[in-house]
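FYI, the numbering just counts along the sequence from 1. For ligands, and for the atoms within them, numbers begin at 1 and follow the listed sequence.
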Amino acid sequence: MELSTKTPQPLEKTSYELSQPGRQGVRVPDPDVPLTDIPADLRRTDLDFPEMGELEVVRHFVKLSQLNYSIDKGFYPLGSCTMKYNPKINEDVARLPGFAHVHPLQSQGTTQGALALMYRVQEWLCEISGFDAVSIQPAAGAHGEFAGILMIRKYHIDRGDHKRTKILVPDSAHGTNPATTTMAGLQAIELPSDKNGDVDLDVLRKACEDHKDELAGMMITVPSTLGVFEEHIVDIIDIVHKAGGLMYMDGANMNALLGVAKPGELGFDVMHYNLHKTFSTPHGGGGPGSGPVVCNEKLAPFRPGPVVEIIEEAQDEEDAPLYGWVMPDKSIGRLKAFHGNFGMHVRAYAYISAYGSDLPKVTQYAVLNANYIRARLKGTYLMPFDRMCGHELVIEGHWPDKAPGVHALDISKRLMDYNFHPPTNYFPLIVPEALLIEPTETETKETLDSFIEAMLKIAEEARTDPELLHNAPHITPVKRVDEVKAAKDLVLCCRPTVIETAEPVAK
Ligand SMILES: *Cc1c(COP(=O)(O)O)cnc(C)c1O
């Protein structure tokens, strides 16, 4: 692989630096009505916009957009995030005028097509997960978690059991799990993992015994965020149920289970999906996500709502049923304005229907790709667990003996010089120098091979020329950033006066 570390891309000028007094982006025609003066006290004098022609504006923003790294530009193995390709047909379908222009306040009579689509998405999400009921309202995975934990809480309270306030959470969990628990007014109890990355069953039994009357439930990710399938999951579910708790499955890793295992059939009570992970809807610059929550009969009355139901069955085969909005009778309430992020439901609908009964192939290829990378990096990189992984793998980004001083972050930054997006860094927290790699099913073997080659090359560089890693990235317009300063001293808005203070971040 040829690398130019000598010719970094230039840092783009800001629009203020490009500004020339008197340049105009648009030409406004001469008015055909008399001009009138806006009173001085209504006029803003502090508006200081750059002055540029239209072409300069277009070039400026196109150049900036090309500096952005995206799944459409290259491999994006960010573990736990499932950065799979977002098929363009999803976008075409979501832009059909009937879907794009439908208004949430339209009458049910004029929105039957949209309701039918949401109803089918609901049905499919139940079918794929083995659950009985669903609400597609939550707007993100974390939002779905919040819904699920509130449902568990309300279930206990509804039975008159007010003491159940504790949720067990393995130490490998995503940070949103304990955060959700706390937000819902419950307390998280951390469970240590054993040396294989599974929940320690003895510790679990003891925790269930210690908190017997106070146990609301447990949140667990399957496969876990360590990339491995929890071997004792059925026992875990049984132990928690016997102690009176309910089981929440964090479904962020459903990409490893599609068509292979159904959480509802394993015995879970409730789970969220991330449509922007598993079902290829865009993560889009912090844009809308979707985190539907699915559950069994026990929790169905507590779902957030409203949900789409059939109000009137079809009379005959020619006829369509009448769909409408229904609030589950003991609902935790609304979690989102209107009906959730409908555009994401449309995209997920397009994706699921494109695969149809081939959906298990998504998982088969995702798991195969991750294990291929694992097998080829084994021996060069330290791995905390010597076992098959699911759709992602965790490795240790350090060599304490062979390359002391080299950290996971150095490897990630160096990967940028090879034009790859870095994997997830320092998560899960319990693996030293963790790099969590998730290739997804959408990559070719050639792409996986060139990523592996880069990883092997970097391992060699770590021994022979560690400075290359410490100073990486070399070819990006912004070099190694001070991440603490970048987080603590946010510069969110480009203004002429802020340019100097922005300098140190972009050094
Ligand atoms: C992504 C993720 C979440 C949170 O989902 P968002 O959609 O980002 O809110 C929760 N748990 C796990 C394991 C995840 O990977």
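For the pair E145 and ligand 1, a heavy-atom separation below 4.0 Å is found.
Within the listing of ligand 1, atoms 5 (O), 6 (P), 7 (O), 9 (O) sit less than 4.0 angstrom from a heavy atom of G141. The contact set between ligand 1 and A252, taken as ligand atoms under 4.0 Å from a residue heavy atom, comprises 2 (C), 11 (N), 12 (C), 13 (C), 14 (C), 15 (O). Less than 4.0 angstrom separates some heavy atom of T225 from each of these atoms of ligand 1: 13 (C).
Residue contacts with ligand 1, taken as heavy atom pairs separated by less than 4.0 Å, involve S80 via backbone and side-chain atoms alike. Heavy atoms of N253 found under 4.0 angstrom from ligand 1: none, in either backbone or side chain.
Residues H272 and F146 keep their aromatic ring centres 6.0 Å or farther apart. Checked against the 6.0 Å centroid criterion, the rings of H283 and H276 qualify as a close aromatic pair. Aromatic rings from Y69 and Y76 are positioned such that their centres are separated by under 6.0 Å.
Of the protein's heavy atoms, K277 NZ, 3.5 Å lies nearest to atom 3 (C) of ligand 1. The single protein non-hydrogen atom nearest to atom 5 (O) of ligand 1 is N274 ND2, 3.0 Å, given as residue, atom name and distance. The protein atom (non-hydrogen) at minimum distance from atom 9 (O) of ligand 1 is A142 N, 2.8 Å. Among all non-hydrogen protein atoms, the one lying nearest atom 11 (N) of ligand 1 is D250 OD2, 2.6 Å.
Ring orientation note: the planes of Y349 and W124 are close to parallel, at an angle under 30° on the 30°/60° scale. Relative orientation of the F338 and H103 rings is perpendicular, given thresholds of 30° and 60° on the angle between their planes.
Residue H276 has at least one N or O atom closer than 3.5 Å to an N or O atom of ligand 1.
At least one donor-acceptor pair under 3.5 Å links the side chain of R387 to the backbone N or O of F229.
Residues K413 and R480 approach most closely at CG-NE, 3.5 Å, considering heavy atoms.
Between the side chains of E438 and T82, at least one donor N or O sits under 3.5 Å from an acceptor N or O.
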